[in-house]
2 protein chains.
Amino acid sequence: MPPTRHQTIKDVAERAQVSTATVSRVINRTGKVHAKTAARVTRALEELGYVPNAWARAMATDGSDLMGLIVPDILNPFFAAIYSGLNETAKHRGLAVWMVDSGDNPEKERQALHMLGRYRAQGIIITPAHPAANLAAIERIGTPVCLVDRRLAKNLWDLVLIDNVNGARQAAQLFVAAGHQRIAIIAGPQDSTPGVERLQGFVDALAAEGLDMPPEYIKFGDFRQESGFSLARELLALDAPPTAIFSCNNLMTMGLLQAIHSYPGAALGETVAVIGFDDIPISTLTDPPLTVVSRPMKEMGVQAAKLITARMEAPEKPQETVVLGPQLVIRGSEKIAGLLRWI
Amino acid sequence: MPPTRHQTIKDVAERAQVSTATVSRVINRTGKVHAKTAARVTRALEELGYVPNAWARAMATDGSDLMGLIVPDILNPFFAAIYSGLNETAKHRGLAVWMVDSGDNPEKERQALHMLGRYRAQGIIITPAHPAANLAAIERIGTPVCLVDRRLAKNLWDLVLIDNVNGARQAAQLFVAAGHQRIAIIAGPQDSTPGVERLQGFVDALAAEGLDMPPEYIKFGDFRQESGFSLARELLALDAPPTAIFSCNNLMTMGLLQAIHSYPGAALGETVAVIGFDDIPISTLTDPPLTVVSRPMKEMGVQAAKLITARMEAPEKPQETVVLGPQLVIRGSEKIAGLLRWI
DNA sequence: GTGAAAGCGCTAACAC
DNA sequence: GTGTTAGCGCTTTCAC
């Protein structure tokens with residue numbers, strides 16, 4: 001491991017017997033350089049194993065190729081998929097994406113924002129931890145911002161959203177079609193866009209079908225597995241437990257399944273039906289396989305990349321919102337065995 | 001969105017009626033500054049919403065707080081967990097971690113290496129895609145390197161490994177104890193450390209118990225779900241299918257479960273037993289729940305952080321290897337119902 | 001076509 | 001205690 005100092009443009013210039021300006025021209029293909037000189041420079045570049053210094057370049061040009069992505073949970077496959085789509089698209093445009101985890105925590109989010117600020121990221125894509133917590137900080141960013149999956153209290157930024165109301169409605173209608181009457185929901189936090197919209201879409205759709213949801217059938221979780229687990233147990237313990245449960249995100253669905261699995265007398269597809277929001281790897285492994293509202297996660301990242309690069313080119317253009325449609329994937333878990341006989 | 005130019009140390013200096021040097025001193029708490037002056041500077045700092053420029057600072061000090069992590073698959077919870085541990089520990093030491101995905105692909109890995117080089121990362125933690133593909137590039141890095149989970153063809157770098165042989169041995173012994181005779185393995189790629197060691201540990205342990213593994217019971221996958229699925233189907237289709245299958249990583253275990261689930265006549269815990277390497281979220285949801293060789297994933301990240309920061313302080317100290325122990329988590333899937341009667 | 005030189009934002013001697 | 005100044009590595013006028 002020879003810890004050789006990084007070669008600079010100056011080293012290259014000396015070796016190729018030219019000025020640093022010429023080396024720069026060759027590297028960036030900017031301005032005319034004689035073919036022969038260029039060849040000499042290229043050779044020196046290779047011989048020295050020159051690696052450009054991104055900082056120095058960014059300082060001189062007042063702009064880097066760095067893009068920030070702030071997500072609430074790097075371990076959640078949903079956000080990993082967004083990163084995937086974003087990164088691929090950004091790479092094509094010569095941009096590098098740095099993903100940072102906010103832990104869905106305003107204070108950590110503030111730190112993340114600050115860090116990307118220090119590194120002078122040219123744009124920030126963020127799924128905010130809270131609709132208002134870091135509002136001021138985000139307004140002060142001074143570089144393009146694009147929100148993904150969740151809105152903020154102010155509507156100043158480009159948005160990539162899912163039609164949550166529509167997705168929840170489809171789930172509700174499917175439950176009704178399967179003959180369920182006692183339908184429950186494990187909702188998300190009501191200070192987040194997805195939390196509110198999914199609950200609303202679900203409740204409204206059931207109401208339209210003439211079904212009122214009693215309060216004890218509406219549970220509020222925090223989008224984490226543990227809350228899905230404990231809330232599901234509360235539902236199963238009711239005197240008149242629901243025959244159908246809609247879980248509002250992937251992690252809570254995992255908890256819900258775990259609860260059903262471990263609850264005496266409860267059985268998926270027998271005593272209780274389930275629809276989850278967001279597909280999960282185990283969907284096809286449960287018995288019956290899991291019916292879910294699925295959404296184009298990677299595509300959300302792709303759209304975010306497009307919005308933010310467009311805004312980098314035209315900072316003053318009007319705010320834009322992209323709404324992607326969810327898709328119901330029916331696999332069987334939306335019904336239970338005995339139900340049709342009872343109706 | 002007022003796209004105000006970033007404030008510089010110079011702006012602050014003017015506002016506080018001091019020199020840039022003094023501002024720098026206040027920011028970095030280096031050198032003496034009169035309390036009153038400091039107060040004036042601090043005030044200006046806040047009023048202007050000053051955010052330091054990491055690049056400029058790094059250029060001036062010839063060193064940043066940037067750390068690179070290159071993983072084969074950001075979507076794999078195993079690597080996400082490593083990031084988690086690494087990031088937390090690094091943050092305590094004032095370092096920021098940039099995780100980059102190599103897609104387990106030497107070419108993309110090369111690009112990742114290059115990118116972190118351009119950004120002058122102060123250290124690189126990497127799970128190499130291939131034992132030799134980018135060897136030269138890694139040797140040329142010139143900044144501390146720490147390998148996680150996989151070795152390289154040369155033993156020049158600090159290492160964080162799992163005792164794979166030991167983990168596989170425990171799995172084999174448990175199968176034997178459960179009365180299995182026809183035991184198969186879905187192994188990983190044989191050009192990777194974990195692939196080789198887990199196979200070896202398993203085969204050797206069985207041999208020690210007097211059990212030879214016929215070649216048709218040894219399948220080679222690529223650590224991805226799809227290969228777990230198709231190889232499992234091959235095993236189940238044998239004239240004398242195994243009663244026990246050991247899967248060598250989390251993704252292949254998912255495929256294996258899927259295959260068992262969908263294969264006519266096959267049933268987990270009835271016709272076939274399973275042990276997986278690495279825990280997965282669904283372990284407790286299968287029936288019977290899944291027995292796995294589990295390992296301290298986050299801790300691997302923590303150890304990597306420690307090794308690399310230690311090396312940053314003492315670049316010439318002897319190479320160090322940390323081997324962490326895996327742990328067998330017995331949940332029931334290692335046995336099948338009828339087996340004990342037959343012995 | 002090519003080079004000299006200024007400057008990006010910051011730190012670190014070195015003076016005072 | 002505080003200011004002046006010389007870089008860090010690079011790009012970019014502006015001359016020639």
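Here the structure is a predicted model, which is why all the values come from computation and not from measurement. In what follows, chains are A, B, ... by sequence order, proteins preceding strands, each numbered from 1.
Scanning DNA chain D 5' to 3' for nucleotides with an atom closer than 4.0 angstrom to a non-hydrogen atom of chain B gives a first and last hit of dG1(D) to dG9(D).
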What is the per-nucleotide protein-contact pattern of nucleotides 7-16 of chain C, from the 5' end, where B denotes a base atom under 4.0 Å from a protein heavy atom, S denotes such proximity for sugar-phosphate atoms only, and - denotes neither?
BBBBSBB---
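Summary for the helix from dG1(C)-dC16(D) to dC16(C)-dG1(D): the axes at its two ends, each from 5 pairs, differ by 40° when rounded to the nearest 10 degrees.
Among residues at least two apart or in separate chains, side-chain hydrogen bond (donor to acceptor under 3.5 Å, both in side chains) pairs with a member in residues 115-129 of chain B are His6(A)-Arg120(B), Asp65(A)-Arg118(B), Asp65(A)-Tyr119(B). A salt bridge (charged side-chain N to carboxylate O under 4.0 Å, His left out) check over residues 122-133 of chain B, counting only residues at least two apart or in different chains, returns nothing. Screening residues 62-81 of chain A for ring-ring contact (aromatic ring centres under 6.0 Å, His included), with sequence neighbours left out, gives no hits. Applying the salt bridge (charged side-chain N to carboxylate O under 4.0 Å, His left out) test to every pair with at least one member in residues 105-115 of chain A, sequence neighbours left out, gives these pairs: Glu107(A)-Arg110(A). Under the salt bridge (charged side-chain N to carboxylate O under 4.0 Å, His left out) criterion, no residue pair touches residues 299-308 of chain B, with sequence neighbours excluded. Pairs engaging residues 74-99 of chain B under the salt bridge (charged side-chain N to carboxylate O under 4.0 Å, His left out) rule: Glu88(B)-Lys298(B) [sequence neighbours left out].
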Determine whether Met99(A) and Tyr83(B) satisfy the following criterion, side chain to side chain contact (heavy atoms under 4.5 Å, CB included), listing intermediate values before the conclusion.
CA-CA 11 Å; Met99(A) 172 162 63; Tyr83(B) 165 79; over 6 Å; no
Would Val71(A) and Ser102(A) satisfy side chain to side chain contact (heavy atoms under 4.5 Å, CB included), going step by step from the backbone distance to the final call?
CA-CA 6 Å; Val71(A) 298; Ser102(A) 75; over 6 Å; no
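With sequence neighbours left out, Arg57(A) forms a side-chain hydrogen bond (donor to acceptor under 3.5 Å, both in side chains) with Asn28(A). Under the rule for a salt bridge (charged side-chain N to carboxylate O under 4.0 Å, His left out), the partners of Lys317(A) that lie at least two apart in sequence or sit in another chain are Glu320(A).
The closest donor-acceptor contact from the side chain of Asn134(A) to the backbone of Ala137(A) lies at 3.5 Å or more, if one exists at all.
Of the residues in residues 37-48 of chain B, Thr37(B) come within less than 4.0 Å of DNA chain D through at least one heavy atom, sorted by number.
For the pair Ile141(B) and Ile124(B), the tightest heavy-atom approach, listed with the atom from each and the gap, is CD1-CD1, 4.0 Å.
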